[in-house]
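Pasting a structure here, questions to come.
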Amino acid sequence: MSLEKKMAELKEREERAYSMGGEEKLQRRREASILNARERIDYFVDPGSFMESGLLGVSSVVEADRERTPGDGKLVGFARVDGRPAGIASNDFTVKGASSSLTNMKKISHVKRVATERGFPLVFFGESSGARMPDNMGSRGMGALLGNDPTQYVRHRESPWATAILGQCYGSSAWYACLSDFTVMRKGSVLAVASASLASVAIGQKVDPEDLGGWKLHDEVTGLIDRVAETDEEALDLIRKFLSYLPSHKNEPPPRALVPEGSDEAAAQVQDILPESRRRVYDVRKIIRSMVDQDSFFELKPRFGRTVVTGLARLDGGTVGIVANNPMYKAGAMDVAGCEKITRFLVLCDSFNIPIVMMVDTPGFVIGIEGERMKAPGKIMNFMTALQMCTVPKLSVIMRKSYGQAYLNMGGGRNSDEVVAWPTAEVSFMDPAYSVQVVTWGRNPSEEEQQQLRKQMERDNSVWGLAEMYSVQSVIRPADTRRHLIKTLEFHTMHLSGGIGKHQLSAWPTTF
Amino acid sequence: MTQQLISEITGTLWKIERHVGDCVEEGDVVMILESMKMEIPVEATMAGTIKELLVAEGESVEEGDLLCVIE
């Protein structure tokens with residue numbers, strides 16, 4: 001065969017690959033305003049930077065599928081995202097529902113290995129139906145296709161992973177979503193072990209796909225996702241934004257950004273947000289937003305475990321991870337979901353060299369039967385162990401209440417590298433209202449004696465005791481918090497290792 | 001369309017701010033719970049009229065209890 005003919009065949013094969021699952025299916029997506037797998041890549045990466053790998057891959061299991069499986073339903077390659085390299089895996093649902101088979105699993109495995117070994121993020125655009133049938137059927141199908149790669153579903157966090165759930169996600173795209181450091185879900189998508197129709201066939205359960213694995217479930221109940229988006233485009237924008245805070249891999253510090261004007265001025269207003277009365281609640285996100293670089297706060301899991309707030313932000317251009325109690329919800333008493341949310345966030349920060357700032361105002365952990373049934377003591381110790389194993393700088397700011405075990409979990413004492421407090425801080429084992437009852441247990445003190453005890457206890461809870469015995473390093477004015485944290489981080493940068501932590505949490509699970 | 005306001009925490013109903021028949025805007029404080037010695041406002045999640053209040057001041061509430069119906 002002449003070179004000319006070979007070239008013509010190459011062109012023809014390329015064109016077949018670019019035709020994806022055919023015009024009819026692609027048109028249906030256009031009508032529904034849903035991007036296809038190639039459009040998602042084009043939208044996400046820096047223009048013209050995508051270098052595809054495996055364009056000519058097709059089914060290699062079922063002979064009759066060779067002509068019907070352009071790209072084998074999963075597109076992978078390398079690209080630049082905001083100037084930095086990234087690996088991309090985009091499911092093409094128009095080709096056999098992007099189901100997993102031999103060729104496309106090799107493609108995913110390759111891009112994953114290169115991203116991990118060469119050190120850059122991996123991004124998944126999830127939309128897949130699960131294992132392809134009949135390819136995976138029977139013992140020979142299973143033996144040939146599944147379980148042959150022991151690294152397939154394990155997370156060591158060498159480089160960041162992010163997932164956008166952009167349609168039905170069962171099987172591999174659901175698993176990768178749960179292994180990712182950041183997962184965003186477009187409304188109307190489903191993330192579940194298996195589809196509603198399989199649930200109906202297999203266990204006779206009639207369930208709406210939205211109830212089975214829709215955005216509301218994961219946003220508010222499971223916490224398996226970090227953010228929700230209205231459109232494919234918004235979901236991809238959020239991944240790009242998330243990655244802008246992270247290093248390309250574990251062996252470099254996070255990138256620095258310019259500091260927006262007005263950041264220092266806004267920080268001076270922090271004091272006005274804190275209510276005068278210790279009984280009044282407020283939304284801690286207002287304090288965070290005014291304290292960090294303007295418009296830099298990127299909240300994670302905003303509607304899950306709302307007793308705490310977690311998110312990435314910048315202080316003087318450098319990435320920090322914020323962990324804060326939010327008195328707005330359950331008075332800031334941390335519940336099981338809140339503990340799970342913080343633990344997962346600490347793992348992210350420790351894995352990618354992100355210093356942690358804890359903003360403390362909590363009456364303690366939620367007590368009562370609800371939490372105990374959900375293993376509250378275990379969750380609290382999980383959170384505590386994670387905090388103590390973090391080797392990135394940890395700074396703690398006691399704004400108001402810090403009581404009991406929560407004092408330790410929120411970085412009190414030597415559980416963070418520096419503790420500072422506002423003059424409004426109050427620290428004790430228990431709120432005076434309860435401790436009066438505990439210390440007078442078994443006798444009947446007069447109203448007057450109770451009042452006196454309570455006043456004494458309130459005085460004893462003030463921050464001055466901690467400052468006098470150097471259990472907080474400084475008492476600062478709220479308006480100075482930003483400046484103080486920036487200065488402290490200059491000294492607490494991990495100078496010995498060039499800003500790189502020990503990543504003791506990097507092999508921790510992804511769900512708690 | 002109706003909206004049910006549910007207690008997010010176990011505690012007592014400290015103060016009722018708005019009564020049956022009152023018009024409320026989204027974000028208005030309808031009542032204040034007391035738990036962990038803190039005042040916890042319960043806000044309307046949509047604009048409408050208060051149709052029903054299911055607890056009285058001083059009564060204890062459990063997490064998940066229905067507090068108020070807005071129509």
Side-chain angles (χ1 to χ4, degrees), chain A residues 216 220-221 274-284 303-308 325-338 361-374 376 400-404 406 426 428 430-438 454 457-458 461, chain B residues 1-20 22-71:
Chain A
K216 272 194 177 162
E220 294 169 8
V221 182
L274 192 75
E276 281 281 326
S277 162
R278 66 186 286 276
R279 278 170 53 82
R280 298 299 286 275
V281 301
Y282 60 93
D283 192 339
V284 78
R303 282 179 290 272
F304 172 75
R306 296 188 299 179
T307 59
V308 301
N325 306 117
N326 197 358
M328 198 67 192
Y329 299 99
K330 299 189 182 183
M334 292 181 278
D335 58 8
V336 163
D361 186 355
T362 178
F365 289 100
V366 168
I367 52 171
I369 195 163
E370 214 33 58
E372 306 300 338
R373 284 185 175 182
M374 293 170 75
R400 210 164 60 165
K401 298 180 179 190
S402 187
Y403 280 90
E426 46 176 284
S428 184
M430 206 183 280
D431 192 288
Y434 306 122
S435 42
V436 166
Q437 293 178 40
V438 173
R454 191 180 169 142
M457 283 174 177
E458 279 175 6
N461 291 359
Chain B
M1 200 170 133
T2 60
Q3 184 74 46
Q4 300 186 328
L5 301 185
I6 304 289
S7 176
E8 57 163 78
I9 193 165
T10 299
T12 50
L13 178 58
W14 182 57
K15 207 168 167 189
I16 290 176
E17 295 276 335
R18 311 298 283 274
H19 298 273
V20 173
D22 283 3
C23 288
V24 290
E25 292 296 318
E26 186 183 333
D28 281 359
V29 175
V30 177
M31 57 182 76
I32 301 172
L33 303 175
E34 186 186 36
S35 183
M36 311 288 284
K37 290 290 149 197
M38 293 287 281
E39 296 165 20
I40 300 165
V42 179
E43 295 176 353
T45 45
M46 63 172 228
T49 310
I50 296 182
K51 195 183 163 213
E52 209 179 345
L53 287 169
L54 292 106
V55 273
E57 286 182 3
E59 278 185 7
S60 49
V61 294
E62 295 286 324
E63 184 177 340
D65 277 1
L66 179 60
L67 303 171
C68 167
V69 180
I70 299 174
E71 200 169 50

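Letters A, B, ... mirror the listed sequences (proteins, then strands); counts begin at 1. Note that these values count all heavy atoms, side chains included, but never hydrogens, waters or copies made by symmetry.
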- [ ] Quick one: pull up CD in E43(B) and CE in M328(A) and give me the separation to the nearest 0.5 Å.
- [x]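 Separation between the atoms: 4.5 Å.
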Open item on the list: Can you tell me how far apart OG1 (T10(B)) and NZ (K330(A)) are? Round to the nearest 0.5 Å.
Closed with: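 NZ of K330(A) is found 8.0 Å from OG1 of T10(B).
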- [ ] Check the surroundings of atom CD1 in I367(A): do more than 12 heavy atoms from other residues, nucleotides or ligands lie under 6.0 Å from it?
- [x]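 Counting other residues, nucleotides and ligands, CD1 of I367(A) stays at 12 neighbours or fewer.
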Task: Within 6.0 angstrom of E59(B) CD, more than 12 heavy atoms from elsewhere - done: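 Correct, the count exceeds 12.
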Open item on the list: Are the side chains of E62(B) and E370(A) in contact, using a 4.5 Å heavy-atom criterion?
Closed with: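 No - every pair of side-chain heavy atoms lies 4.5 Å or more apart.
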Task: Working for salt bridge (Lys or Arg N to Asp or Glu O under 4.0 Å), residues E8(B) and R306(A) - done: CA-CA 11 Å; E8(B) 57 163 78; R306(A) 296 188 299 179; 5.0 Å; no
Open item on the list: Can you confirm whether M38(B) sits close enough to V281(A) that some side-chain heavy atom of one is under 4.5 Å from a side-chain heavy atom of the other?
Closed with: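 In short, these two side chains touch, coming nearer than 4.5 Å.
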- [ ] Count the heavy atoms belonging to other residues, nucleotides or ligands that lie under 6.0 Å from CE of M374(A), then report whether that count exceeds 12.
- [x]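 Counting other residues, nucleotides and ligands, CE of M374(A) stays at 12 neighbours or fewer.
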TODO: Identify which part of E39(B) has an atom lying under 4.5 Å from any heavy atom of chain A, answering side chain, backbone, both or neither.
DONE: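 Both backbone and side chain of E39(B) come within 4.5 Å of chain A.
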Open item on the list: At a 4.5 Å cut-off on heavy atoms, which part of Y329(A) comes close to chain B: side chain, backbone, both, or neither?
Closed with: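 It is both, since atoms from each part get that close.
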Open item on the list: Using every non-hydrogen atom in the two residues, find where S35(B) and A331(A) come nearest and quote the distance to one decimal.
Closed with: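 Nearest heavy atoms, S35(B) then A331(A): O-CB, 4.2 Å.
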Task: Note, K401(A) side chain near M36(B) side chain (heavy atom, < 4.5 Å) - done: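 Heavy-atom side-chain distance check fails, nothing below 4.5 Å.
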Open item on the list: Closer than 4.0 angstrom, basic N to acidic O: yes or no for E34(B) and R279(A)?
Closed with: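 Looking at E34(B) and R279(A), the cut-off is met.
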